[in-house]
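Reviewing the structure listed below.
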Amino acid sequence: MNKIAVLPGDGAGREVVPEAIKVLRAAGLAEQLAVEEFEVGAEPVLRGEPALSDSTFAQVRQADAILFGAVGDPRVSNVGYAAQVLLRLRFELDLYVNLRPARLYDDRLSPLREAARRPVDLLVVRENTEGLYVGMGGRFKRGTPDELAVQEDVNTARGVTRILDYAFARARREVCMVDKSNAMAFAGGLWQDAFAAARARHPDLDARHLYVDAAAMELVRDPTQFEVIVTGNLFGDILSDLTAQLIGGMGVAPSGNLNPDSGRGLFEPVHGSAPNLAGKGVVNPVGAILSGAMMVEHLGFGEAAKRIENAVATALRSGECTRDVGGSLDTAQAGDAVVKYLGD
Ligand code: IPM
Ligand code: MG
């Protein structure tokens, strides 16, 4: 029995996570997964409690895997609180790999012209615990015309090496490392050195490098050229929104935050709480459902994961999906459509 901590969070997260659980159960995993739900996000904050309490954190860290929705609520003015919940989980559980696959399930979902469409099937491997996200720095002379803000970009040899090795381990053909070493020579230099060492350890695979600006351009020009893209925290954040759009938009993109050494994992759709869409039954559950599939694959149920992914692809191809991807179903109906195709 695997203990799953479920954290729907706010807004759209509360609508899509139940659909993911519905699909996991329908895929025959009800007996294998002990699901326990925890409250994080705006509701506790509005009661004057922390968005993620220490006691919730202590319980969540015991779980075999975490299924996360999204956090963010316009009623909470502190814009940083959502990041604190998610970044605390990523950092304190040392979930150093952020996996963001982009697979085009139906040609009509591509925004690109014919030639650049198929078959997009790439994986962004984003470093998830360092870089510009560590929160080092400060604001000096705050609120005055002389104010100075510093946000440090922290890159460690250990952190960079482990994410590069993970990326090489996932690739069958090629790893593309993305940085900005032409302008940021210190951090970029460390990435370059670690990349040279990693590619020497994996002589069987092709390895190439792109600056992040060129990578953004190449992803739009011809995304089919990429297999595994490995990069730092901020560049991975930005490029994975771009790759989400290449496969139909934020509604369909899944992600996994992993520590391959401890086995811990947190799985979440790439989209956020979408306050402008939440509560109307229109949000797309596919990103959450595919994140659920990634979670059970991580737990050793590879066959069920494949069935879920195939069912999602069939539902999308037959137009049985939400409006953002060209269908007319509501959130729960879109979840039902995936359930319907599980047997195929
Ligand atoms: C993501 C999100 C987060 C990030 C935010 C909410 C802090 O954009 O998961 O991509 O930047 O990592
Ligand atoms: Mg993001």
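We count ligands from 1, going down the list as the structure has it; atoms in each ligand are counted the same way.
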Taking atom NE2 of His298 and atom CG of Leu258, what is their separation to the nearest 0.5 Å? 5.5 Å

Would you check, one step at a time, whether the test salt bridge (Lys or Arg N to Asp or Glu O under 4.0 Å) holds for Asp94 with Arg162? CA-CA 12 Å; Asp94 196 25; Arg162 67 182 181 173; 2.7 Å; yes

Report all protein residues having a heavy-atom distance below 4.0 Å to some atom of ligand 1; order the list by chain, then number. Ala83, Arg90, Arg100, Arg126, Tyr133, Asp237

As an exercise, state the distance from CG of Asn128 to OH of Tyr96, rounded to the nearest 0.5 Å. 11.5 Å

Near the Mg ion (ligand 2) (under 2.8 Å) - protein N, O or S atoms: Asp237 OD1

Applying the salt bridge (Lys or Arg N to Asp or Glu O under 4.0 Å) test to Glu147, which of Arg142, Arg139, Lys141 qualifies? Arg139

Might you work through the salt bridge (Lys or Arg N to Asp or Glu O under 4.0 Å) test for Glu218 and Arg221, ending with a clear yes or no? CA-CA 5 Å; Glu218 287 294 335; Arg221 191 183 66 79; 2.8 Å; yes

How many angstroms lie between atom CZ of Arg323 and atom CG of Asp330, to the nearest 0.5 angstrom? 9.0 Å

Going through the checks in order, is the salt bridge (Lys or Arg N to Asp or Glu O under 4.0 Å) test met by Arg103 and Glu309? CA-CA 10 Å; Arg103 193 168 283 156; Glu309 194 186 1; 2.4 Å; yes

Just wondering, do Thr156 and Val160 contact through their side chains at under 4.5 Å, heavy atoms? no

Measure the spacing between CD of Glu31 and CG of Asn2 and express it to the nearest 0.5 Å. 13.0 Å

